[in-house]
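Step one of this worksheet: look at the structure below.
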Number of protein chains: 2
Amino acid sequence: MNEKDDFALQDFLPYLLNRAAEESSLGFQKHYKNRYGMLRTEWRVLFHLGNYGQMTAKEIGSRAKIHKTKISRAVAKLSEKRFVTRTRDENDRRSEHLTLTPAGEAAYKDLREHALEFDTSICARFTTGEVAILRYMLRNLAGIEP
Amino acid sequence: MNEKDDFALQDFLPYLLNRAAEESSLGFQKHYKNRYGMLRTEWRVLFHLGNYGQMTAKEIGSRAKIHKTKISRAVAKLSEKRFVTRTRDENDRRSEHLTLTPAGEAAYKDLREHALEFDTSICARFTTGEVAILRYMLRNLAGIEP
DNA sequence: CCTTGTTAGTTACAAAAACAACTAATATCC
DNA sequence: GGATATTAGTTGTTTTTGTAACTAACAAGG
């Protein structure tokens, strides 16, 4: 039906990347969804705060490349759940500093444990060298500095 | 603020995969979105039909792991745009065979051109060996047979 | 045949994302 | 100082997705 061509859909990188990302997200989702009723943006925010410490919504947004409306709503949810506290910056009263509460810290540590396990189980299918190359390439593609 | 730990968010594969996928999607999106007003699922369906020839919605769904409701809506849109025609299977009148119209074929070829270019530009940042490893790993992660 | 079960695809409704418009605080420049 | 522009974050509205329930056609066992 179709003349021969050097294009194959299953080799197209954006397609492959999306399929792989969807698949891996699905595997990890159940941890934060079932156990804490979180959305993807919520755990990303939680992880950023847990991983890097106190931050403003703005900083999380620019680091994780998440739109500010998504952050705003995620922070509202996390605040409802008493996982983060918001304190106004006294020098610039527009922005507020987000910090994990002890409960938020506990959730973060629990999820981090599962994340680490999940990550390890993925890597187990490949050699150490392959995984290193994958990470390096994905960071490059994602626009994250090494 | 946070005790040392061997977990770093920017190394977590589901996170990296999603970031890389989003970034690369964004780059390609403008072609099918601006030029043809398509959604992601629509171009995927179009590409499947262009790449593999006539298929049913079911087949596309299982190949691309897209839920049937998304396929259904994408096919409806593509049909409105006169990019695909639907013909009932006479032996099993539940399913219908989807085929690209000449207009659909033209759109596919045009987008395929851009896809190829885009893919090439991505690969240019890496060595041939790295790209081969990346594709192999992503196919594995996505659950696509080599 | 005729009940029961399965499958292809659609539709309806709820959840989430995208986008635009908004408020309130600060910065700039005259 | 005061008009104007920017910035941090929020809210409202529209699209898009996810999920469940549905229709219509077929299949199988009795």
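Residue numbers start from 1 in every chain, and the chains themselves are labelled A, B, ... in the order their sequence lines are given, proteins ahead of strands. Hydrogens, waters and symmetry mates are skipped; everything else that's a heavy atom, side chains included, is used.
Dashed line: the shortest gap from a side-chain N or O of A:Ser72 to OP1 or OP2 of D:dT10 is under 4.0 Å.
Rounded to whole angstrom, the span from the CD atom of A:Glu80 across to the C1' atom of D:dT10 amounts to 14 Å. Between the CD atom of B:Glu59 and the C1' atom of C:dG9 there is a distance of 14 Å, given to the nearest Å. A:Lys58 has its NZ atom 14 Å from the P atom of D:dT6, to the nearest Å. Residue B:Ile71 contributes atom CD1, which lies 10 Å from atom P of C:dT10 at whole-angstrom precision. Whole-Å rounding puts the A:Ile60 CD1 to D:dG9 C1' distance at 13 Å. Rounded to an integer number of Å, the gap from NZ of B:Lys77 to P of D:dT15 is 10 Å. Following rounding to the nearest Å, B:Arg88 (CZ) and C:dT10 (P) show an atom-to-atom distance of 8 Å.
By the neighbour-count criterion of 12 heavy atoms within 6.0 Å, atom NZ of B:Lys58 is sparsely surrounded, having that number or fewer from other residues, nucleotides or ligands. Summarising the local packing, CZ of A:Arg88 is surrounded by more than 12 heavy atoms from other residues, nucleotides or ligands at distances under 6.0 Å.
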Summarise protein proximity over nucleotides 17-29 of chain C in one line of letters, 5' to 3': B for base, S for sugar-phosphate only, - for none, counting protein heavy atoms closer than 4.0 Å.
SBBB----BS---

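Every ring pair (Phe, Tyr, Trp, His ring centres under 6.0 Å) that B:His48 has, sequence neighbours left out, goes to B:Tyr52.
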Please assess B:Ser25 against A:Asn18 for the test side chain to side chain donor-acceptor pair (under 3.5 Å), listing each intermediate value before the final yes or no.
CA-CA 8 Å; B:Ser25 287; A:Asn18 271 286; 2.6 Å; yes

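When heavy atoms are screened at a 4.0 angstrom cut-off, A:Arg86 is found touching the sugar-phosphate backbone but no base atom.
Here A:Glu42 pairs with A:Lys81 in a salt bridge; the nearest charged N to carboxylate O distance falls below 4.0 Å.
You'll find the ring centres of B:Phe7 and A:Phe47 inside the 6.0 Å limit.
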